[in-house]
Number of protein chains: 2
Amino acid sequence: MHKRKTLQDVALAAGVSKMTASRALRGDKDVSQRSIMRVQKAAREIGYVGNHLASSLAGKATDLIGVVLPNLENIVFSHVLNGITETLYGTGLQPVCGITEYDPEREYEVVRNMLSWRPTGLIVTGLEFPADTAKLLVEADIPVVQIMDTDGDPIGGCVGFSHHQVGFDMAQALVQSGRKRIGYIGCGLGQDNRAQKRFDGFLAGLQQADVRLVAQRQDPGFSSIATGRRLTQALWQDHPDLDCIYYSNDDLAAGGYHYFNDLQVAIPDQVGLVGCNGLDFISGVPGRIGTTRTPRHEIGEAAVRMILQAVASGAPLAPIKQELRPEIDLGLIATQPPATPDP
Amino acid sequence: MHKRKTLQDVALAAGVSKMTASRALRGDKDVSQRSIMRVQKAAREIGYVGNHLASSLAGKATDLIGVVLPNLENIVFSHVLNGITETLYGTGLQPVCGITEYDPEREYEVVRNMLSWRPTGLIVTGLEFPADTAKLLVEADIPVVQIMDTDGDPIGGCVGFSHHQVGFDMAQALVQSGRKRIGYIGCGLGQDNRAQKRFDGFLAGLQQADVRLVAQRQDPGFSSIATGRRLTQALWQDHPDLDCIYYSNDDLAAGGYHYFNDLQVAIPDQVGLVGCNGLDFISGVPGRIGTTRTPRHEIGEAAVRMILQAVASGAPLAPIKQELRPEIDLGLIATQPPATPDP
DNA sequence: ACTGGTATCGAAACCGGTATCGGTACCATG
DNA sequence: CATGGTACCGATACCGGTTTCGATACCAGT
């Protein structure tokens, strides 16, 4: 268990000072070509790896961008993270991500922990935070970007879309396409206030169109295809007269699709199904399930760009919202009126 | 833009020395209750956050566990990461993950970068590495665990399953259930050598049963439901006599399912579909698609346990394989012989 | 020969914590 | 009263790099 090689070892092997070795490896000025060669050779030979802890401590900043997400099993956040990673690639910055599981206490810990690594920027999910967490973010003294949601007042930068609007627009679109007996199925509303916002918006949209929500079923757990199937069955058994079901998520809608498929209920002729997020599943059954395609990758991209810009300009990030418009895709629902038109 | 608070500031505010403040905040011995109170109060009041860079540099080790994964859009790796995160939660250790996109060069960079943070342990995906990357891992001087694959010789710890075996077993199971005209559909074989291993194993399994693979279709890109649908269509048009299709992935199988569903081809009566990984989708169409349920969460868990044990014992991690057996689920294929039995 | 500029290098201070070790203060004991 | 043990505290030396600043060598210009 030999000790790790340090810059000193490299310098020694190269026959130069620690300083010259440092400069040579970083491609700094004021080093002769000869020294650069010798140092690089020495570093390679003794297998020098470098110590980010030391260099970041000595330098002013790290090359870290903190990313705080509620969950990674939800593919939506994977996509965001991917957008972030891709955009960061080549900038010399590196994402490091923390998971909160929608738990505020864990969130506080994660944010605090992120900050203790002195990242160059921070990307967090959502707009609402408990007071102590908000305090951390406000005093962080680095660019902070809040993503996924624009229904509220951001602390720093903000990239996302209005979930209320998404719900509202979908309600209007459905009503306009002729659906009138609409049900709702949702998941994780207690934890995920963005799903709640969509639902609220949806209700508001229905109300404005003078349509009442016929019924709803909710489940406190994470959304999944299996849960969607179960809830759909529960809802349908009580309300077989529905001509449309709005799901808080595409996973759930997929579960509903399978259920009706096995039941030989025509989709979307008899019942229209709409979810949210435009997940991969939808493209497997083209036109059959409506959805709202949300710009997840783009959100990650835009968030990074905000941070990069703030870093470049040196100025702190002013509270600015960047709204990315999601796109409603009703699929066949848009062209096929429900089988049983209302009187 | 006030400077960040340091431990010195806390000490000053609390009227003690830097050392006492340090001890108080970490819950070290040799501090009076009175000092602890004052320091904690001071820290809270001035909003002290701590500096992991400094503490990790000064102490011997960080609380980081590096995790190197090829991709996060593939839900399989999200599940692994989740298992890791969950198991690490409460241990004081923290995962930090790097993405390679199946690119060896990027992989080298990621591993090197991970190591430069002096993590306490490292979890990497796969068994095969280019020489330079392998050298880094061998000389890392920390517990290294390789996951997902056991078909080969590990550098340190190793948790996963044999992909060759998974393919082999599935071939045998399919033949035994009466399927004889079998096709294959796969994705990303160039990059993902684990999918390749499954395919090789599958071919070996067929051969042993004296069954020939009728046809195959492959795509170099990432697997997705849409791709599965497309490849299935391509394969089916040329070979409508198949009674079974093996997919390298559940995503692809799901695409095939949708295709046949729209075509009104009975599943699994006329064509049996089997994928791999036991993803969420399968549970939405119970029994209809066969799969191999792979223990992703468990792999993450076991990998962490290996590292924790190595850290606790202080000994380096000997090359040991831990094999987790995946479980084949043929669903209805197991009980329903193909509609057109062979002559 | 002297001055000034450029290229190259290294010693020392420092980043913000922790490990180590040597002091006090205070009390109990013989 | 001398001794020793315990509880608590702080000065100092690091950890492994980078920043800063001054030193040296060498060459051109005058």
Side-chain angles (χ1 to χ4, degrees), chain A residues 2-40 42-43 46-64 92 112-113 115-120 141, chain B residues 2-40 42-43 46-64 92 112-113 115-120 141:
Chain A
H2 43 95
K3 239 178 115 242
R4 291 241 62 144
K5 303 293 186 212
T6 80
L7 190 59
Q8 186 63 268
D9 299 326
V10 177
L12 221 59
V16 298
S17 78
K18 208 172 70 164
M19 248 344 284
T20 303
S22 169
R23 282 195 267 253
L25 289 179
R26 278 176 306 141
D28 229 13
K29 289 266 73 174
D30 286 353
V31 197
S32 66
Q33 205 56 36
R34 184 167 147 282
S35 292
I36 293 182
M37 289 309 198
R38 300 176 104 198
V39 169
Q40 288 184 339
I46 71 175
Y48 175 68
V49 169
N51 188 331
H52 251 127
L53 298 170
S55 63
S56 298
L57 178 60
K60 43 214 87 234
T62 62
D63 53 3
L64 260 34
R112 196 185 167 84
N113 194 61
L115 289 178
S116 75
W117 287 103
R118 298 291 183 269
T120 294
D141 212 28
Chain B
H2 42 94
K3 240 182 114 237
R4 290 241 65 140
K5 303 294 186 210
T6 78
L7 191 59
Q8 186 63 266
D9 299 325
V10 177
L12 221 60
V16 298
S17 77
K18 209 172 71 162
M19 229 16 260
T20 302
S22 170
R23 283 195 268 253
L25 289 179
R26 278 176 305 143
D28 230 12
K29 289 267 76 177
D30 288 350
V31 197
S32 66
Q33 206 56 36
R34 183 164 149 283
S35 293
I36 292 181
M37 289 309 199
R38 299 175 105 198
V39 170
Q40 288 184 340
I46 71 177
Y48 174 70
V49 169
N51 188 332
H52 250 126
L53 298 170
S55 63
S56 298
L57 180 60
K60 41 214 85 236
T62 61
D63 53 4
L64 259 34
R112 198 186 165 84
N113 194 60
L115 289 178
S116 76
W117 288 104
R118 299 290 184 269
T120 294
D141 213 28

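Given the structure is predicted, the values throughout are model-derived calculations rather than measurements. So that the names make sense, note that chain A is the first sequence line, chain B the second, and so on, each numbered from 1.
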(message) Is A:R38 close enough to C:dT8 that one of its side-chain N or O atoms is under 4.0 Å from OP1 or OP2 there?
(response) no
Kindly point out which of [options] is positioned nearest to the side chain of [X]?
{"X": "A:T6", "options": "C:dG17, D:dG16, C:dA19", "answer": "D:dG16"}
{"X": "B:Y48", "options": "D:dT18, D:dG17, C:dG17", "answer": "C:dG17"}
{"X": "A:L7", "options": "D:dG16, D:dG17, C:dG17", "answer": "D:dG17"}

Can you measure [X] atom [atom1] to [N] atom [atom2] for me and round it to whole angstrom units?
{"X": "B:R118", "N": "C:dT18", "atom1": "CZ", "atom2": "C1'", "value": "18 Å"}
{"X": "A:K29", "N": "C:dC9", "atom1": "NZ", "atom2": "C1'", "value": "15 Å"}
{"X": "A:D9", "N": "D:dC15", "atom1": "CG", "atom2": "C1'", "value": "14 Å"}
{"X": "B:Q8", "N": "C:dT18", "atom1": "CD", "atom2": "P", "value": "13 Å"}
{"X": "A:L25", "N": "D:dG17", "atom1": "CG", "atom2": "P", "value": "9 Å"}
{"X": "B:L12", "N": "C:dG16", "atom1": "CG", "atom2": "P", "value": "15 Å"}
{"X": "B:D63", "N": "C:dG17", "atom1": "CG", "atom2": "P", "value": "15 Å"}

(message) Has A:T62 got a side-chain atom pairing as donor or acceptor with A:S56's backbone, closer than 3.5 angstrom?
(response) no
Which heavy-atom pair separates [X] from [Y] by the least distance, and what is that distance?
{"X": "B:A42", "Y": "B:V10", "value": "CB-O, 3.9 Å"}
{"X": "B:K5", "Y": "B:I46", "value": "CG-O, 3.5 Å"}
{"X": "A:T20", "Y": "A:S35", "value": "CG2-CB, 4.1 Å"}

(message) Output one letter per nucleotide in nucleotides 4-13 of chain D: B when a protein non-hydrogen atom lies under 4.0 Å from the base, S when only the sugar-phosphate is that close, - when neither is.
(response) ----BBBB--
Can you find a pair of side-chain heavy atoms, one from [X] and one from [Y], that are under 4.5 Å apart?
{"X": "A:T6", "Y": "A:N51", "result": "no"}
{"X": "A:L53", "Y": "B:H52", "result": "no"}
{"X": "A:L25", "Y": "A:L7", "result": "yes"}
{"X": "A:R118", "Y": "B:V49", "result": "yes"}
{"X": "A:R112", "Y": "A:L115", "result": "no"}

(message) If you assign B:D28 and B:N51 each to the DNA chain C nucleotide with the nearest heavy atom, which residue ends up on the more 5' nucleotide?
(response) B:N51
(message) Tell me the bend of the helix from C:dA1-D:dT30 to C:dG30-D:dC1 as the angle between end helix axes, each from five pairs, rounded to the nearest 10 degrees.
(response) 60°
(request) Select from B:L57 and A:R26 the residue whose nearest nucleotide in DNA chain D is closer to the 5' end of that strand. (result) B:L57
